Amino acid sequence: MTNKRLTIVIVGASSGLGRAVATEYASRGWLVGVCARREQPLAELASRFPENIRYRTLDVTAPDSGQQFIDFVTSLGGMDIVLYAAGCGWNNPELDEANDERTVQTNVVGFTRVVNAAFKWFANNVTPSGNTGHLCAITSIAGTKGIGISATYSATKRYQNTYLESLSQLASVKKANLTITDIRPGFIDTDLLDTSSHKYPMLMSVPYACKRIVRAIDKHRHVAYIDWRWNIVTKLWSFIPRCLWTRLKLSI
């Protein structure tokens, strides 16, 4: 007999969108597994929903982060959905190597380790509810075009977009019982952005974005732009030829 209680695991739930999504699903009565580098925010979140939230510290850049993630999933009795919400990035026109290295380690290396571990788990296990497994990741509209002042961030997000698309094809080839959702937000008012010194176009609040992210997850979207305005903008970007794009002076 399967456990009908739905379970979601959120990687990068200590703040921002990951924390907001965790709160939403815990409020619904789901079993929510949350993990991130910092323990204190996770413990505080779990104290608000002691019946619904379990937590574990996890640094996605650690060499064994994939196995740590699977150990956590096992302790929960499995998962129906995983949401990868961990990430970092900066405006870095000076091409500071330390910032670039951290961005690559988190958004590429750590992302790959955890997402691969989740994919393999879904391919080889039955979800607690018996439903189709669902692998979701918050990427970015920055992966649509190379943004000069955030070159590494843009490139790592393009990597994530392409990787999730590739895994969708792999799931089909392997006939895995799995849906993959690539969630691409625009600018969100989180700690990732320095809103004190920059004005970001079409800036969205965390609650506003969270509502739309949860809707995309619930509807099993393959690619979801958050929100409709960024959907239009990214489509327009696709028509700009490279010779013109490289001359644009983006100062965001």
Side-chain angles (χ1 to χ4, degrees), residues 12 16-17 60-61 84-113 115-116 135-173 180-206 208-209 212-213 216 221-252:
L17 293 173
V60 299
T61 66
Y84 188 93
C88 66
W90 294 268
N91 285 346
N92 188 23
E94 296 80 17
L95 302 180
D96 178 83
E97 291 184 10
N99 285 345
D100 282 350
E101 170 73 15
R102 182 180 171 190
T103 301
V104 170
Q105 286 298 315
T106 302
N107 296 355
V108 175
V109 179
F111 168 86
T112 304
R113 286 174 179 149
V115 167
N116 280 359
L135 193 165
C136 311
I138 296 177
T139 63
S140 173
I141 55 96
T144 307
K145 284 283 191 181
I147 301 174
I149 61 172
S150 302
T152 302
Y153 182 75
S154 298
T156 59
K157 291 303 176 178
R158 175 72 66 87
Y159 172 88
Q160 292 180 351
N161 298 155
T162 304
Y163 202 82
L164 293 171
E165 182 179 36
S166 301
L167 289 185
S168 294
Q169 185 186 68
L170 184 62
S172 177
V173 169
I180 295 177
T181 297
D182 180 353
I183 300 166
R184 303 179 182 181
F187 296 120
I188 313 293
D189 190 9
T190 66
D191 293 340
L192 192 63
L193 297 182
D194 180 11
T195 56
S196 63
S197 59
H198 290 85
K199 289 186 177 180
Y200 293 89
M202 297 185 289
L203 184 68
M204 295 175 278
S205 70
V206 169
Y208 177 89
R212 282 149 184 81
I213 288 170
R221 297 271 177 81
H222 295 294
V223 177
Y225 290 92
I226 312 297
D227 59 5
W228 65 269
R229 297 168 298 175
W230 285 107
N231 192 5
I232 294 173
V233 167
T234 53
K235 281 183 170 58
L236 292 174
W237 281 357
S238 67
F239 292 107
I240 301 176
R242 181 168 180 165
C243 62
L244 294 181
W245 179 263
T246 55
R247 296 177 185 178
L248 292 179
K249 296 181 179 180
L250 299 179
S251 59
I252 54 177

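What you see is a predicted model, and the numbers here were worked out from it, not measured in a lab.
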Nearest 0.5 Å, what's the [atom1]-[atom2] distance between [X] and [Y]?
X    : Y    : atom1 : atom2 : value
T152 : K157 : OG1   : NZ    : 13.0 Å
I141 : R229 : CD1   : CZ    : 11.5 Å
L164 : R184 : CG    : CZ    : 8.5 Å

Discussion item. One pair to check against side-chain contact (heavy atoms from CB on, under 4.5 Å): Y225 and I232. What are the steps and the verdict?
Written reply: CA-CA 9 Å; Y225 290 92; I232 294 173; over 6 Å; no
Is [X] reaching over with its side chain to a backbone N or O of [Y], donor-acceptor style, under 3.5 angstrom?
X    : Y    : value
R113 : T61  : yes
S140 : G143 : no
K145 : T234 : no
T181 : R221 : yes
Q160 : F111 : no

Shortest non-hydrogen contact from [X] to [Y]?
X    : Y    : value
A85  : G12  : CB-O, 3.8 Å
V60  : Y84  : CG2-OH, 3.6 Å
S154 : A142 : CB-O, 3.5 Å
A209 : L17  : CB-CD2, 3.8 Å

Side chain to side chain, [X] and [Y], heavy atoms closer than 4.5 Å:
X    : Y    : value
M204 : W230 : yes
I138 : P185 : yes
D100 : D96  : no
L167 : V115 : yes
H222 : I180 : no

Worksheet item: Do you see a donor-acceptor pair shorter than 3.5 Å between the side chains of D227 and Y208?
Response: yes
Discussion item. Let's go through E101 and Q105 carefully: what are the C-alpha distance in whole Å and the side-chain angles of both, what is the deciding distance for side-chain hydrogen bond (donor to acceptor under 3.5 Å, both in side chains) to 0.1 Å, and is it a yes or a no?
Written reply: CA-CA 6 Å; E101 170 73 15; Q105 286 298 315; 3.3 Å; yes
Discussion item. For Y163, give me all partners under ring-ring contact (aromatic ring centres under 6.0 Å, His included), at least two apart in sequence or on another chain.
Written reply: Y159
Fill in: With T162 via side chain to side chain contact (heavy atoms under 4.5 Å, CB included) - residues at least two apart
R158, S166
Item to complete: Return the set of residues passing side chain to side chain donor-acceptor pair (under 3.5 Å) with T139 (not counting sequence neighbours), or none when no residue passes.
Response: N161, D182
Item to complete: Take V104 and T156 through the test side-chain contact (heavy atoms from CB on, under 4.5 Å) and record every step on the way to the result.
Response: CA-CA 7 Å; V104 170; T156 59; 4.3 Å; yes
Practice prompt. Give a yes or no on whether R102 atom CZ has more than 12 heavy-atom contacts from other residues, nucleotides or ligands under 6.0 Å away.
Written response: no
